[in-house]
Amino acid sequence: MSQVSLSPFPFRPSPPFPAFKDVSSDRQGLIQGLTEPLGMVYAPLMQAYGTAIVAGVSAGQGGKEIQGTPVFDMVEQAIAAVGSIQISVIFVPPYAVLDAALEAMAAGIRHLILITEGVPPLDMVHLLRRSEATETLVVGPSCPGIIVPGKILLGTHPPDLYAPGSIGLVSRSGSLTYEVAQELTQGGFGQSIAVSIGGDRIPGSSFQQWLQILEEDDQTEAIVLVGEIGGESEEMAARYIAEAIDKPVVAYVAGRTTPKGQLIGHAGAIISARMAGMGADVGTMTSKVTAFKRAKIPLAKSPSEIPLLLKRVMKA
Amino acid sequence: MSQVSLSPFPFRPSPPFPAFKDVSSDRQGLIQGLTEPLGMVYAPLMQAYGTAIVAGVSAGQGGKEIQGTPVFDMVEQAIAAVGSIQISVIFVPPYAVLDAALEAMAAGIRHLILITEGVPPLDMVHLLRRSEATETLVVGPSCPGIIVPGKILLGTHPPDLYAPGSIGLVSRSGSLTYEVAQELTQGGFGQSIAVSIGGDRIPGSSFQQWLQILEEDDQTEAIVLVGEIGGESEEMAARYIAEAIDKPVVAYVAGRTTPKGQLIGHAGAIISARMAGMGADVGTMTSKVTAFKRAKIPLAKSPSEIPLLLKRVMKA
Amino acid sequence: MDLLEYQAKDLFRQMGIPVLPSQQIAQPRDLKGLKIPYPVVLKSQVYKGGRGKVGGIKFVENTIDAVAAAQAIFRLPIMGAYPEVLLAETKYDADREFYLAIVLDTSTRRPLLLGSQYGGVDVEAKLEHMQQVIVDQEFSLFYARRLAIKMGLTGELLEAVSAIIAKMYSLFVQQDLNLIEINPLAIGADGHLMALDGKVVIDDAALGRHADLAALVATTPQPVENPREVYSEQLKRVQLNGHIGVLCNGAGLTMATLDLIQSAKGKSACFVDLGGEYRHPCPPSTLQERLEQGLDLILQDKSVRVILINLLGSIISNPQVAEVIASYLSRRNRNWRLPPMVVRLVGDRLEEASALLAQANVPVVPSLDDAIAKCVILAQAKSA
Amino acid sequence: MDLLEYQAKDLFRQMGIPVLPSQQIAQPRDLKGLKIPYPVVLKSQVYKGGRGKVGGIKFVENTIDAVAAAQAIFRLPIMGAYPEVLLAETKYDADREFYLAIVLDTSTRRPLLLGSQYGGVDVEAKLEHMQQVIVDQEFSLFYARRLAIKMGLTGELLEAVSAIIAKMYSLFVQQDLNLIEINPLAIGADGHLMALDGKVVIDDAALGRHADLAALVATTPQPVENPREVYSEQLKRVQLNGHIGVLCNGAGLTMATLDLIQSAKGKSACFVDLGGEYRHPCPPSTLQERLEQGLDLILQDKSVRVILINLLGSIISNPQVAEVIASYLSRRNRNWRLPPMVVRLVGDRLEEASALLAQANVPVVPSLDDAIAKCVILAQAKSA
């Protein structure tokens, strides 16, 4: 087995991230599934935060208005009516997410935030083949999206727990991200960007991809990575940080006391992980702690310890 | 119906064609399906003509040698053994052509000549989505391929009917191409390149694509286009020549006396053609003659008249 | 290869495209065992279009009328074709009639979705309403929505029609179709959709990988595109109305040869195309066999006075071609006198080939124009 | 969701992957009606692996031995699980045993083909021979050949194994599988291939669009991953062995909360995760219902001495959360005394929420560390 074939699949370079932060420009956002329950709840919250959500799309509902936002049957109709759209936040039901994302990409949208939970993994494989070909950044599914505190909200983060600042926060959890954000805010560390890539097995973007974005982002001085047991994302991220990230990083991983029965591993998956050189215990807390230790990344014991570790690494 | 949606689908720019002609460089060719009956017949003919056919691929036959040419199970094994390969000539059975072409493209080959007849049209649609994404030039299926007289043979053209010169010959027939070539040769007009794009409904490359290549080719001074009744290729080509080709062109179309029953048109196909603004008689000789007349392209009444018309247009 | 309406509807039903309850009627008395309630529509099952305008579709209210109508339809040719079977179908009251189709578009080299709110028999008259969508990447439902929106649909109808288009596309790809058409797609007063008539054309090249479709078409008589074609193995002779029998390799060269014969004031009796060289598998021996079969087919046509053989760039060498012809002639000439023959060959080792055929008194002429001129003179000489 | 071996083999059979003639045995006396000839293999149908090593697979030569063996297997637990059914299968003499599998690879985010010439029970011991191929674009047969070649296969075996891999891939995609595994794939002395054992894991998220698979798994008892889980609607309570009942929203936050309780020397009795907010459809009312269901589940656990509610960034406002809890408590407190409760909330309108819960004597604590410290003290106080 050559080492070459085992290296992570090379991600296409993502579009330059600062686009999200440049809220003063003409960047416009769309909600696909605006008439869905969550779409109706969160669209006004995003707009209230200052995000330019200019249209909604729900097939068969075109012509309606939801709290002042016009609804169209298709993305291309929305663009024809409101002008160029750069970002779509997707709330459609799980089996409609693939089609919605393909439709958005066909209409030229290159930033997709998938909020919906329960997207079948093979739909994500299909979606990612297309997003890589079109160089589209995909966040989610099953995630609260992105927040640039004080500027823009693309998803369901509770904005009152965040504050503007210089810490890049990347996570694969939902509410645990908010927990860490409010500890950071309480500890005097505002955030440059916070993103959750989602907890699904096939996420649209990886920790590595976001670490690279945060490394290149001028507003970000240090990075907090929040993980969970299960899967191999944290192990891969730890390796990547050691190789490619110069900014200080603090990590936190939840699940130390989670009962073992909760972790499911299949023969094939275990074999696959073991062959990737990550040991049979990949996904366990031991494996993740070892990976971060090997990469010399300080690991917080609790969310409230993160600001203390940040102070230490940012002084160094 | 807006005119925009009716315009021909934009072809991706093809790789620079001169690669084929530069036989002194390290361009290497491969035969996929070398152990097939036609592969075994034509590979030695190509080699005898000076074409660098360095390997063959036939799944399950790896390790053999066919008349001195090594056979591999996969394209990537061939490349590993003989070095970089730029061109593949494909002789595999019809239902295996798509897989062979995808395999070649996955191995980085960007020039494919499909000789096999009987490839299902939807396999070609699939193949072309991939060839456009990878900017691969596809010739065929169901065609004799390409000949650059005196230099390289990639397919099944009978080389003794061709001579080096400055006429670009593009056709969608097989033996009718040879007929025209020998008339040209007899009439003192050698050929810079001769290509048949194949007579299938979904060809890998179009007349337009090859007209563009010949227009840009320094060796080519004039172009001969050989068509047949049926389909709309000649009508599209005539339009394209009027718009984009500066070199002199002479056309010939066979089928003036072909019985009407031979031409098959389905409601949907006829509607589609009529909507594309080409009239209900698209595919008939009348439609094609009208198209060439409108584009001011002289039309030969017989293959033997082509050299006479060429003399006239090349003087002008 | 075309399917009959009832076969197309079987595929629709399997895919979940709504069709009416129906029953095949092989003879008028089958109507006595009809399981669907009256009123019923009886439809001639033929491959040709336009049956409605000439009486191939009848509405009936009871068994007596139905039997009489069926007898009439079985006796009614539609553009020359008689039905082997009728389709009895529940009558449906359409509020509106749409047109939907998927074809392969040869210029974009992609599947093309077609749709109009003005379907039914008038679809060609209202072509300006026809909308189209190219499926440039892998299909997804949004392509269907794009067509439905271009058709001017909104709300529930937009979603329902999109869903039908998606199912048509699944059939199109799964079964390797050249055409799938629903015309009309009826919109009931309640907003429900119903495929009232359907057309499906299977791609011949792909039939070998669809055992189910191959079995289906094997059970029904296929339309003969040209009744004057005669087949031998895979070769066919196409009948014309002159005296020169033409044997060529390749469709383009065959067409050009026929054109040139007419230009030279000759008349072709028939032609056989030996085909291109790309058929798989095609070892050299096969071409020699096909050449002999082709000669057999042409000699079966008694109107042939001269035979023109025009073979260019074939897989076997010129001397080999000459040898096959010479040995064929020597075998056949023993029994009866064959018409004169002109063989047109070009390229390498022509002298060898000429020498072989000279023994059989057959001239080898390298110029196609000259070969045809010779044939025209020979044909005229024989008729004089 | 796992399939049992015989269910996996039904899928294999439909796809044309070769499997042996077999029969399901629901009780030992079914063996008297066995339709396959002896010798036969009897196999325990359980979700756990390793059955062969503990006696869950037996070869038998006749009915008497078979009944006895079946009785033994039905009584034999495999890692704690008893079979509901056995599979009786023709005995097969394998010359060699290969391993083949397809999984979703989370790092490349693509399907991954796995294969080894060293399959059977020793596959994990010979991991150095395991080969892998990432399917980075749409699948085509060459990916299967690539794996077979990496496995070291040539000639006819290369083609035969590639064909099996292609069929496995079709199943993988058509049925939305997380895993398909054939181990061993037997190579007979005659070179024929046979899937002797199979494993199929269906993706739960996709089950809603596979009615056939959903029906299949509905007929068989599903393995309970953790026997100490209690379900109510879609919520489940996971049982631990302490005294603090934890109600959280989101898996990550739940895990973090449990970790922090242990760090603070506390012990969790159980937890209920109300889930993230992205489930579809999820109107605000649903979260309120789930909150009440979650409280019900926790109160059913009699070992709970303190309840910690930790809700962060939920779709409903803090005062709404407080209101649901307060009204729940007032309803339940009428009947019996509930354990003390600590509610952890942060963000907007916290005073309002605190005021609402103060009436019910429930403290609202914004710091998670403080809330946990309070719970630990309360739990200790109650035990003292």
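Remember, predicted model here, so these are calculated numbers, not experimental data. In the text below, chain A, chain B and the rest are named by the order of the sequence lines, each starting its count at 1.
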Legend entry - N/O donor-acceptor pair under 3.5 Å between A:Ser175 side chain and D:Asn249 backbone: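 Judged by distance alone, yes, a pair lies under 3.5 Å.
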Legend entry - Distance in Å, A:Thr257 OG1 paired with D:Phe271 CZ, rounded so as to fall on 0.5 Å steps: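 Reported to 0.5 Å precision, the distance equals 8.5 Å.
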Taking the side chain as every heavy atom from C-beta outward, state whether [X] and [Y] have any atom pair closer than 4.5 Å.
X	Y	result
D:Val135	A:Val125	no
A:Glu305	D:Asp369	no
A:Ser304	D:Leu368	no
D:Pro111	A:Leu122	yes
A:Glu232	D:Ser107	yes

Is chain A contacted by the side chain of [X], its backbone, both, or neither, given a heavy-atom distance below 4.5 Å?
X	answer
D:Leu207	backbone
D:Arg349	neither
D:Asp203	side chain
D:Asp348	both
D:Leu177	backbone

Inset, instruction - Sort by residue number and list every member of residues 253-260 of chain D having a non-hydrogen atom under 4.5 Å from chain A. - result: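 Hits under 4.5 Å: D:Leu253, D:Met255, D:Ala256, D:Leu258, D:Asp259, D:Leu260.
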For chain D, find which of [options] contributes the most heavy-atom pairs closer than 4.5 angstrom.
options	result
A:Gly255, A:Pro158, A:Ser302	A:Gly255
A:Ser233, A:Pro203, A:Pro303	A:Pro203
A:Met40, A:His157, A:Glu228	A:Glu228
A:Arg201, A:Glu183, A:Lys301	A:Arg201

Non-hydrogen atoms of chain D under 4.5 Å away: do they reach the side chain of [X], the backbone, both or neither?
X	value
A:Leu128	both
A:Pro120	both
A:Val180	neither
A:Glu179	both

Legend entry - D:Asp136 with A:Arg129: basic N within carboxylate O range, under 4.0 Å: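 No, no charged N to carboxylate O under 4.0 Å.
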Legend entry - D:Arg109/A:Asp200 salt bridge by N-O under 4.0 Å criterion: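 Salt bridge between A:Asp200 and D:Arg109, a charged N being under 4.0 Å from a carboxylate O: no.
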Legend entry - Between D:Ser268, D:Ser367, D:Gly208, the one whose heavy-atom pairs under 4.5 Å with chain A are most numerous: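 If we count pairs closer than 4.5 Å to chain A, D:Gly208 comes out on top.
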Legend entry - Where A:Gly118 and D:Ala205 come nearest, the two heavy atoms and their spacing: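 Minimum heavy-atom separation between A:Gly118 and D:Ala205: O-CB, 3.7 Å.
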Legend entry - Atom OH of D:Tyr118: over 12 foreign heavy atoms under 6.0 Å: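 Atom OH in D:Tyr118 is not packed in, count stays at 12 or less.
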Inset, instruction - Give the intermediate values and the outcome of side-chain contact (heavy atoms from CB on, under 4.5 Å) for residues A:Tyr42 and D:Ile315. - result: CA-CA 9 Å; A:Tyr42 284 107; D:Ile315 201 165; 3.6 Å; yes
Inset, instruction - Apply side chain to side chain donor-acceptor pair (under 3.5 Å) to D:Gln262 and list each qualifying residue two or more places apart in sequence or on a separate chain. - result: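 D:Gln262: side chain to side chain donor-acceptor pair (under 3.5 Å) contacts with A:Arg256.
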